[in-house]
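Let me begin by presenting the structure, written as structure tokens, before commenting on it.
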Amino acid sequence: MTSQVDQSEAVDGPGGERRTDPASPRSGPQDGSGRAPKPIRRLDRVIIRFAGDSGDGMQLTGDRFTSETAAFGNDLSTLPNFPAEIRAPAGTLPGVSSFQLHFADHDILTPGDAPDVLVAMNPAALKANLADLPAGAEIIVNTDEFTKRALAKVGYDKDPLADGSLEAFRLHPVPLTTLTLEALKDSGLARKDAERAKNMFALGLLSWMYHRPTHGTELFLRQKFAKKPQIAEANVAAFRAGWNFGETTEDFAVSYEVPPAKLPAGTYRNISGNLALSYGLVAAGERSGLPVFLGSYPITPASDILHELSKHKNFGVRTFQAEDEIAGIGAALGAAFGGALGVTTTSGPGVALKSETIGLAVSLELPLLVVDIQRGGPSTGLPTKTEQADLLQAMFGRNGEAPVPIVAPATPAECFDAALDAARIALTYRTPVFLLSDGYLANGSEPWKIPDVDELPDLHVEFATEPNGADGTFRPYQRDPHTLARPWAVPGTPGLEHRIGGIEKQDGTGNISYDPANHDFMVRTRQAKIDGIEVPDVEVDDPSGEARVLVLGWGSTYGPITAAVRRVRADGGQVAQAHLRHLNPFPANLGTVLRRYERVIVPEMNLGQLALLLRAKYLVDAQSYNQVRGLPFKAAQLADVLHAAIGTLDAEATR
């Protein structure tokens, strides 16, 4: 869903705090009851979390609310959070699925630390999420699910809706199931089928509360259930009933309005990281003039890329769902040998299986994109939770000296640019390239300004067409003096026959060689090729130029870090920020930047992998701040860390 924006760039409010305007009378049509319209309160941002059982449709509900919010023109950020099991036990804490959405009238960076509104479809959803709510938050609960059996299943001795334990919040008890069944009593659906529409009732209620558009959701439902029109109309009816309930019930005395964000002019659409990455791969194929071949084996959270790319045969994209991870990358490397842009997608466990073939690609010096959507580990770990703990695996997870460039996007939308960047490196330097995204970026979404295709980088490559040796032979390992890349010879080109395989090659000729001096030379040359890759200098955000603390991140920590930096600066603190997209090789100026500051803090969703590399390479005292909880950092949490670092330096200076 796209929207046009023609406004100047917005800035965040002081400290990122929510602002409200006095309530004003609601405009627009009334419900025909003759009652006065309800007042509207204007907000600058809201954080909503939908939570329920895995079968309650919380991801669909959140996705539809997000799509309408994007169409309305708000800036937004989302955090889907769901169990790894296909169907976790109903009504239990492990079975809770949630979807958090932060939307605003200004630039935002994270899904938010704490929800302003929780929609809890059952006791498990309430208990699993209650600790995250600040005092004064609104809680909308489906009272029909608060039975003695359901309460006991999650350890409630008393009904929290009646025992006073929720007095710190604004509680809205709503019998969602009963109201949905009443709305659909003439639909002809069985009770069980009608009950499934209660998520659409909840969506309608929240859409009324926050003035979300409705046409897109109704159109979506009719298209989704086009082959089951009775189901489609029932969901539409439940959605409308939820909207009307909000308009008529006395329990919701005020509705809220969050105006559109002031974003740079352009055409925008809501996009998830995996979708943006898929589009980036398609764009890389178009800008290089090469067919894209994806060899992949389904694995959470990377499977969506395979699903999406399979839809784009019209762009010369071919997808191959292999029988296992090894076959997937083998086919992709074979496609690269044949002159295609070879891609393989996976997560951490799959990278382990692909490691030998990645080493083969290093030896063959062929372009190959290895897309790792990181998740919690080790082993199967937390398949649906986020982590960024594959950095050292990407750096060193192969036998022998097998260097590979690493690119890491910072936001869901930036996954598009990172895919193009990774393709540029792979094609220019004839090397496999790691693209490290993660589950937070993959499933999260934000507005994306659709780029002008003509402004995308030109990735066209020249294949070898004739012998390049002085003696009239083809020398497959004769290198470009600038990039150290070898020629890319498509099989079947007359006169360019050459050996291929994993055994060490002789410099120039590509013949098998066991010569010690040649092996030493080839190892150093492959390393020099990676070290010589041109990447932009790291940019430092230090407005005053007087900060003594630098916070350095990579990948998906960008949003929480930047939000934390804004909070610290709003409180009068001085802190510098830098963020890395290129992790191998590092930007040329990184060492200089690190040595400029008295303290360098590196937040990571691992146990300090980037910090380890920085300390080893630059001999700086990079200090880790780590968590591996399967969830992104909270901005307030990082702001406290930065405040403490600044305070420590100030205290040392006064001794």
Side-chain angles (χ1 to χ4, degrees), residues 271-347 350-351 353-354 356-358 360-362 364-373 404 407 415-435 437 442 453 456-464 488-493 496 500:
I271 201 164
S272 68
N274 273 352
L275 184 57
L277 202 156
S278 300
Y279 286 174
L281 294 174
V282 174
E286 288 294 296
R287 298 301 288 171
S288 65
L290 301 176
V292 175
F293 180 90
L294 174 66
S296 182
Y297 180 75
I299 184 172
T300 302
S303 299
D304 287 341
I305 302 173
L306 171 62
H307 301 159
E308 182 61 35
L309 288 181
S310 68
K311 304 174 184 177
H312 298 290
K313 295 179 181 178
N314 56 313
F315 285 109
V317 178
R318 295 294 179 268
T319 54
F320 169 56
Q321 180 174 320
E323 67 269 26
D324 55 40
E325 297 280 3
I326 299 172
I329 190 173
L333 182 57
F337 177 60
L341 178 56
V343 184
T344 190
T345 52
T346 189
S347 190
V351 172
L353 293 168
K354 296 178 189 290
E356 183 179 5
T357 306
I358 297 171
L360 176 60
V362 171
L364 298 180
E365 300 189 47
L366 287 171
L368 176 69
L369 300 185
V370 181
V371 179
D372 177 8
I373 313 298
V404 173
V407 177
C415 289
F416 177 87
D417 301 304
L420 284 166
D421 199 9
R424 171 189 68 85
I425 294 171
L427 295 172
T428 303
Y429 296 90
R430 310 287 198 269
T431 177
V433 178
F434 261 100
L435 201 168
S437 178
V453 175
L456 299 179
D458 184 354
L459 302 179
H460 280 83
V461 297
E462 293 185 4
F463 292 108
W488 193 0
V490 176
T493 305
L496 304 189
I500 194 167

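Position 1 is the first residue of the sequence; numbering continues from there.
- Summarising the geometry, atom CG belonging to L281 is positioned 13.0 Å from atom CZ belonging to F315; distances are rounded to the nearest 0.5 Å.
- With a 4.5 Å cut-off on side-chain heavy atoms, L364 and F337 do not count as touching.
- Ion pair E365/R430 not flagged as a salt bridge, since none of the NZ, NE, NH1 or NH2 atoms sits closer than 4.0 Å to an Asp/Glu carboxylate oxygen.
- Counted within 6.0 Å of CZ on F434, heavy atoms from surrounding residues, nucleotides or ligands total more than 12; the atom is thus considered enclosed.
- Heavy atoms only, all atoms of each residue included: P457 and L420 are closest at CD-CD1, 4.3 Å.
- Proximity of E325 to I299: side-chain heavy atoms (C-beta onward) are separated by under 4.5 Å at one or more points.
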Between V370 and V404, is the side chain to side chain contact (heavy atoms under 4.5 Å, CB included) condition met? List the steps. CA-CA 10 Å; V370 181; V404 173; over 6 Å; no
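- Side-chain atoms of L306 and L294, non-hydrogen and from C-beta on, do get closer than 4.5 Å to each other.
- Across all their heavy atoms, P301 and A442 have their closest contact at O-CB, 4.2 Å.
- Using modelled atom types, no side-chain atom of S437 and backbone atom of I373 make a donor-acceptor pair closer than 3.5 Å.
- In terms of heavy-atom proximity, L341 sits nearest to A423 at CD2-CB, 4.5 Å.
- Side-chain contact check for V461 versus W488: some heavy-atom pair is nearer than 4.5 Å.
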Would V282 and L309 count as a side chain to side chain contact (heavy atoms under 4.5 Å, CB included) if you check the C-alpha gap in whole Å, the side-chain angles of each, and the deciding distance to 0.1 Å? CA-CA 8 Å; V282 174; L309 288 181; 3.7 Å; yes
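- Distance check: H307 NE2 to N274 CG gives 10.0 Å after rounding to the nearest 0.5 Å.
- Heavy-atom minimum distance, G295 versus A332: N-CB, 4.2 Å.
- One N or O on the side chain of S288 and one on the backbone of G285 form a donor-acceptor pair closer than 3.5 Å.
- Using modelled atom types, one finds a donor on one side chain and an acceptor on the other under 3.5 Å when comparing T344 with K354.
- Residues L275 and D304 are not in side-chain contact: their nearest non-hydrogen atoms beyond the backbone lie 4.5 Å or more apart.
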Residue pair H460, R287: steps toward the side chain to side chain contact (heavy atoms under 4.5 Å, CB included) verdict: CA-CA 6 Å; H460 280 83; R287 298 301 288 171; 5.7 Å; no
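- L353 places none of its side-chain heavy atoms less than 4.5 Å from the side chain of T346.
- The two residues A426 and L369 have their closest heavy-atom pair at CB-CD2, 3.8 Å.
- Using a 4.5 Å heavy-atom cutoff, the side chains of L368 and I329 are in contact.
- Note: H312 NE2 to Y279 OH = 5.0 Å, rounded to the nearest 0.5 Å.
- Within the 4.5 Å cutoff, the side chain of S347 has heavy atoms near those of the D372 side chain.
- With hydrogens and angles disregarded, a donor-acceptor distance shorter than 3.5 Å links the side chain of S296 to the backbone of T345.
- Atoms OG1 and NZ, from T319 and K313 in turn, are 6.5 Å apart once rounded to the nearest 0.5 Å.
- Between C415 and G273, the closest heavy-atom pair is CB-O, 3.4 Å.
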